[in-house]
Amino acid sequence: MNLNLQGKNALIGGSSKGLGKAVAIELAKLGANVTLMARSAELLAEVVQELAQIHPEQQHDFLVVDFNKRDELHQQVVGLLSLKPMHILVNNTGGPNGGAILEAKPEQFLEAFQNHLLCNHLLAQLVIPKMKEAEFGRIVNIVSTSVRVPLDNLGVSNTTRGAVASWAKTLANEVAKAGITVNNVLPGFTMTERLMEVLSGSAQKKGISLDQEMNQARETIPCGRFGTPEEIAAVTAFLCTPAASYVTGTSILVDGGRTRSI
């Protein structure tokens, strides 16, 4: 099985911590040259030092970007692409705040679509031309199990995640013949800051402690535990390799069996 990413360049969103960082670490282990993206230069610089260098030519760097500023994002990535093509794009952005959908303001939807769908689209438009030239491209969107089953109290997130999955399926069909795959990874309850924020909000709403809420959440998972960022990263990294060349247009659950749909 060919998992070798030597000579491949990867651009990873939200990679200063959490799932994005875990993906960056995994891709570096497979030989990819990794470019991190996030808002904190300090955190990004620390992560770069953690990335493996398994061959002499392997190099890693980062871009300080804010997905709320699409023009700046565009400018930074264009500058990066003038230096080297990207063969791998991992779209990963923190989710919107929780809350009932009926209580959501229009501005919340607009911000969520901007940070997820529109930025994903912008990045794909920028990197795909060089992917076509290389006849190799991997785009992986880290989304949510809400693509399959909407989650309670995450109205804006559910709406946005579904749109991203539909966009990705459409894009996958358009670029498949060029050797480019587009897939979604759907993490379930994974031990990240984002999960703790969601569970804390849910606990407050119910009037129970965070520990109680966490125990209730674990009971919904057949595996009986929360996932780790490394487990999500392993599936994401596989989809970026030559071995996954015939996997495209899919949404893959990585949730310990929690989602009840097939």
Side-chain angles (χ1 to χ4, degrees), residues 4-16 19-21 23-28 30-41 43-45 47-48 51-53 55-94 113-142 164 167-168 170-185 236-237 239-242 244-245 248:
N4 184 11
L5 291 177
Q6 185 170 347
K8 299 294 190 292
N9 302 323
L11 182 62
I12 308 170
S15 43
S16 63
L19 299 182
K21 176 182 175 180
V23 171
I25 289 171
E26 202 63 37
L27 291 181
L30 296 178
N33 304 308
V34 172
T35 298
L36 309 169
M37 288 193 298
R39 289 177 293 184
S40 171
L43 291 177
L44 289 169
V47 175
V48 164
L51 299 180
Q53 187 172 7
H55 56 85
E57 297 81 17
Q58 191 174 11
Q59 295 183 337
H60 310 301
D61 54 19
F62 64 84
L63 293 179
V64 179
V65 298
D66 185 342
F67 278 26
N68 286 306
K69 301 174 181 177
R70 220 167 355 127
D71 289 342
E72 290 184 15
L73 173 64
H74 181 278
Q75 185 178 11
Q76 293 240 42
V77 174
V78 167
L80 174 69
L81 295 174
S82 70
L83 302 175
K84 56 185 176 181
M86 288 295 132
H87 307 97
I88 296 165
L89 170 64
V90 178
N91 287 313
N92 172 57
T93 309
F113 273 94
Q114 149 78 20
N115 290 344
H116 294 265
L117 182 61
L118 297 185
C119 285
N120 289 2
H121 186 62
L122 167 65
L123 292 170
Q125 285 182 318
L126 292 175
V127 302
I128 282 175
K130 291 296 184 181
M131 289 181 175
K132 287 182 175 179
E133 288 182 17
E135 297 182 342
F136 180 97
R138 300 287 185 267
I139 298 175
V140 183
N141 309 298
I142 299 179
V164 169
W167 167 83
T170 306
L171 179 62
N173 292 341
E174 290 183 5
V175 300
K177 289 183 179 179
I180 301 168
T181 66
V182 185
N183 293 289
N184 304 312
V185 170
T236 304
L239 292 172
C240 296
T241 66
S245 59
T248 194

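- When atom types are taken as modelled, the side chain of Q59 and the backbone of N33 share no donor-acceptor pair closer than 3.5 angstrom.
- One finds the OG atom of S15 at 10.5 Å from the CG atom of L43 (value rounded to the nearest 0.5 Å).
- Distance check: T241 OG1 to N4 CG gives 10.0 Å after rounding to the nearest 0.5 Å.
- Of all heavy-atom pairs spanning C240 and V140, the tightest one is SG-CG2, 3.9 Å.
- In this structure, the side chains of P242 and L5 come closer than 4.5 Å at one or more pairs of heavy atoms.
- Considering CD1 of I142 and NE2 of H116, their distance stands at 12.0 Å, rounded to 0.5 Å.
- Side chain of E135 to backbone of G179: no donor-acceptor contact under 3.5 angstrom is found.
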Note to self: side chain to side chain contact (heavy atoms under 4.5 Å, CB included), that's the test. Do I128 and V175 meet it? Break it down for me.
What the structure shows: CA-CA 9 Å; I128 282 175; V175 300; 4.2 Å; yes

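- Looking at heavy atoms from C-beta onward, V48 lies out of side-chain contact with D61 at the 4.5 angstrom threshold.
- Judged by distance alone, with hydrogens and angles left aside, the side-chain atoms of Q76 form a donor-acceptor pair with the main-chain N or O of V64 at under 3.5 Å.
- You'll find the side chain of T35 reaches within 4.5 Å of the side chain of M86, heavy atoms only.
- Side-chain atoms of H60 come within 3.5 Å of backbone atoms of A52 as a donor-acceptor pair (strictly under, hydrogens ignored).
- Annotation: side chain of L126 is in contact with side chain of V78 (closest heavy-atom distance under 4.5 Å).
- By the 4.5 Å heavy-atom criterion applied to side chains, T181 and S245 are not counted as neighbours.
- Taking CG of L171 as the start and CD1 of I180 as the end, the distance is 8.0 Å to the nearest 0.5 Å.
- K69 NZ: 12 or fewer foreign heavy atoms inside a 6.0 Å radius.
- Summarising the geometry of A244 relative to R138, their closest heavy-atom pair is C-NH2, 4.3 Å, with the distance given to 0.1 Å.
- Using a 4.5 Å heavy-atom threshold, the side chains of L63 and L36 count as separate.
- At a threshold of 4.5 Å between non-hydrogen side-chain atoms, the residues C119 and Q114 count as touching.
- Taking the ring centre of F67 as origin, the terminal cationic atom of R70 falls outside the region bounded by 6.0 Å and 45° from the ring axis.
- Here the side chains of L11 and I88 are not in contact, with every heavy-atom distance at 4.5 Å or above.
- Scored by the side-chain contact (heavy atoms from CB on, under 4.5 Å) test, E57 finds Q6, H55 as partners (sequence neighbours excluded).
- Nearest heavy atoms, S16 versus L44: CB-CD2, 3.9 Å.
- Distance alone, capped at 3.5 Å, places no donor-acceptor pair between the N141 side chain and the N91 backbone.
- Each of T93, L73, I12 was compared with M37 under the side chain to side chain contact (heavy atoms under 4.5 Å, CB included) criterion, and only L73 meets it.
- Of all the heavy atoms in A124 and I139, the pair that sits closest is CB-CD1, 4.2 Å.
- Here the side chain of H87 pairs no donor or acceptor atom with the backbone of G137 at under 3.5 angstrom.
- The structure places CG of L51 at 9.0 Å from NZ of K21, a figure rounded to the nearest 0.5 Å.
- The NZ atom of K8 lies 12.5 Å from the CG atom of L27; values are rounded to the nearest 0.5 Å.
- In terms of heavy-atom proximity, H74 sits nearest to L122 at CD2-CD1, 3.3 Å.
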